[in-house]
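Bear in mind the structure is a predicted one, so any value in this text is a computation, not a measurement. Numbered from 1 within each chain, the chains take letters A, B, ... in sequence-line order.
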Amino acid sequence: MSIAVFNLTKSFDSSTVVDHLSLEIADGEFVVLLGPSGCGKTTTLRMIAGLEQATSGDILIAGTRVNDLPPQRRDVAMVFQSYALYPHMTVAGNIGYPLRVRGLAADQIQKQVRETAALLEIDRLLQRKPRELSGGERQRVALARAIVRHPRAFLMDEPLSNLDAKLRLQMRGELKHLQQKLQTTTVYVTHDQAEAMTLGHRVAVMNKGKLQQFDTPLEIYSRPANRFVAEFVGSPSMNFLEGSIDVTNHRFHNDQISVVLSGVEIEKFSRPDAEKRVVLGIRPEHVKIATSQQDGWYPAGVYVTELMGSETFVILQLGAARIVARVPGDFRADLEDRVWIDFDMTKAHWFDVSGRRL
Amino acid sequence: MKRLLRYFAVAIALLTTLAPVYWMMTISFKREVDQFALPPRWFSFSPTLEHYVDAFVARSFGQYLLSSLIVAVCSTVGALVLGTLAAYSLARFRLPRNFDRKLGLWILSTRMFPAIVTAVPLFLIMRDLSLVNTRLSLIIIYTAFNLPFVVWMMRGFFAEVPRDLEEAAMVDGDSRLGALGRIVLPLVAPGLAATAVFCLIVSWNEFLFALVLTQTDDAMTLPVGIAGRVTQYGIKWGVMSAAAVVAMVPILAFALSVQRYLVRGLSLGAVKG
């Protein structure tokens, strides 16, 4: 079912945790709330679940306002970061719990529990207690408990963050597969931008309680709405160089670099009200490196190289600034080596000093 | 050597706690001539059940026992039901201006004054309610006296239960009370059992209010009944001992039956599970 929040606000005492948040989530969509800790993403999810009372604003599920409904009457399922499995019940008891409290017949419950357990490949664990399960198995039980009753939506609060790195990747794939198979509207909270990019149909980036951008992963990566989004999404993070626009010579320059602006940019920055102090943003993959001198490139020192196997991150010292470049895995350079770098200016992002995209 | 010392210390402790119990039990089985024999007859005496017959057939100790059982069980159940709900609320809900914390302290403060202070006012209240010489009066008072204890014990146990669990239960479709009953209470069962034992012991042994409020055979509890055998004509040691031995049995049986929980309950919170 569709979920929508309008001007959703949550304040605790004097601090506002969620600030006039509006999101519309279509039926069957997988939306990720992404942001650093304390950005209000979990509080938003808890308000949708009904575990937290909204200070103001509306929450709609399937077009109906649910602000005043207690969690048990919203018919959404939630997967907690801690999994929140009931320790005194078996796996079967845990999965069947939502059905039991709805008063389903025992044989019906058993049938549905079996089907769901088979779907998540945990049918051999049904008689175990949660403490006898591994982290990945607990995660599956938590998912099964959410799925078993076919809720109107799944709400997931960092469900993969307690798993080790390898298992996390595996479960991430399974989660996406499952969601596509079930076609259930899903709101997923994470601080991991890789999870957000891979899982979400759309990603809502939040910071300090405010929505920064709500768009497809591709759009968020290629056209970040502001400097915060540009910096938060992408690993390693985007490089930023602050400098000034020289309108007469059509150049952007600072202490380290001086680049010629393209036609579109000249037009953008030539307007009389245009900013003269701007920030240039360049993703690491758009920084080119050469080991020999190239015409018009900037000399830089190698600060450190980080081998990732298939690729290498080179952190460069360009004057007072540090620049990260993403280069093929066979690139070799030693500490303090002199290299020459250039930026692919067709992929440049421009922000004003307050962080707004230009 | 160190082991030996430790066993010696244990032996001393056992001797001091068990000797009076042993003496009481032997007295209950001794004829009166043996009770006061000098030197004391520790082991060799001809056992008799006459005091038990005297206490429970000729006298009303059976009635006292029944009263004690009813009063102790009802007040324990009452205190547990009310106290558990109050403790859950205090553990889970924040009130403005830290009122929940103040409320908790206020509840505890009712146990800070000596019981005798309330004896007279409570007697007057019970008299006006025509509850003097009824078991109900004792049930009400013991429930009230056990409440602060239950609230404080259970609040600690509830605080140990992760909030996620009941939130999950509520999102799963359960009401808050349902989540309390189906998820939270089973998890604090050891704590609940430990608390119940304490309440039961307090109610079972309570003497002051029972003495003030119950003087008839119908309502009197065992402690008052036993003390009543100290009369101006003599002290019925045999009958008192026989009644005391019987009075030990129910509490001992209950404590043993929940022993498994008791140890876990008392150490709950000390170790993260």
Side-chain angles (χ1 to χ4, degrees), chain A residues 12-13 42 45-53 66 69-89 93-104 129-131 138 141-159 162, chain B residues 84-85 88-89 91-102 154 156-194 258 260-265 267-273:
Chain A
F12 291 107
D13 298 328
T42 295
L45 194 76
R46 289 171 57 84
M47 282 193 282
I48 298 173
L51 295 171
E52 212 82 65
Q53 196 73 38
V66 295
L69 287 185
Q72 61 267 28
R73 291 182 49 206
R74 296 195 184 187
D75 194 22
V76 293
M78 186 153 167
V79 179
F80 291 75
Q81 184 173 8
S82 63
Y83 314 139
L85 299 181
Y86 311 130
H88 58 300
M89 294 183 188
N94 266 279
I95 301 175
Y97 180 81
L99 304 178
R100 268 207 313 288
V101 297
R102 280 173 175 72
L104 262 69
K129 289 278 179 68
R131 63 169 175 276
R138 286 178 197 181
V141 176
L143 277 175
R145 191 175 65 190
I147 289 168
V148 72
R149 63 187 159 99
H150 307 293
R152 299 198 288 182
F154 296 138
L155 308 176
M156 304 195 183
D157 185 9
E158 311 223 12
N162 284 348
Chain B
T84 299
L85 289 171
Y88 179 75
S89 308
R92 282 299 187 251
F93 299 109
R94 295 281 79 91
L95 297 172
R97 293 163 175 268
N98 274 337
F99 195 63
D100 48 306
R101 290 239 304 275
K102 290 173 192 159
M154 293 312 294
F157 294 130
F158 284 136
E160 293 289 314
V161 176
R163 254 165 220 265
D164 278 4
L165 292 181
E166 51 202 283
E167 289 182 343
M170 286 190 282
V171 177
D172 277 347
D174 217 337
S175 62
R176 188 173 274 280
L177 273 179
L180 176 64
R182 270 180 282 256
I183 305 296
V184 182
L185 278 184
L187 293 175
V188 297
L192 202 62
V258 298
R260 197 161 55 92
Y261 295 107
L262 205 56
V263 177
R264 261 206 296 159
S267 61
L268 203 75
V271 202
K272 283 270 180 218

Which region of B:Ala189, side chain (C-beta onward) or backbone (N, CA, C, O), has a non-hydrogen atom less than 4.5 Å from a non-hydrogen atom of chain A, or is it both or neither? neither
Below 4.5 Å from any heavy atom of chain A, which atoms of B:Arg182 appear? Answer side chain, backbone, both or neither. both
Minimal non-hydrogen separation, [X] against [Y], with atom names:
{"X": "A:His88", "Y": "B:Ile183", "value": "CE1-O, 3.6 Å"}
{"X": "B:Ala179", "Y": "A:Tyr97", "value": "CA-OH, 4.3 Å"}
{"X": "B:Ala168", "Y": "A:Arg145", "value": "CB-NH2, 3.6 Å"}

Identify which of B:Glu167, B:Met170, B:Arg176, B:Arg163 forms the greatest number of heavy-atom pairs closer than 4.5 Å to chain A. B:Glu167
Counting only heavy atoms closer than 4.5 Å, note whether A:Arg131 contacts chain B via side chain, backbone, both or neither. neither
Taking heavy atoms only and a threshold strictly under 4.5 Å, list by residue number the residues of residues 72-87 of chain A that touch chain B; give 'none' if the list is empty. A:Gln72, A:Val76, A:Ala77, A:Met78, A:Phe80, A:Ser82, A:Ala84, A:Leu85, A:Tyr86, A:Pro87
Using 0.5 Å steps for rounding, measure from the CG atom of B:Asp172 to the CG atom of A:Leu99. 9.0 Å
So with a 6.0 Å cut-off around CZ of B:Arg94, is the heavy-atom count from everything else above 12? yes
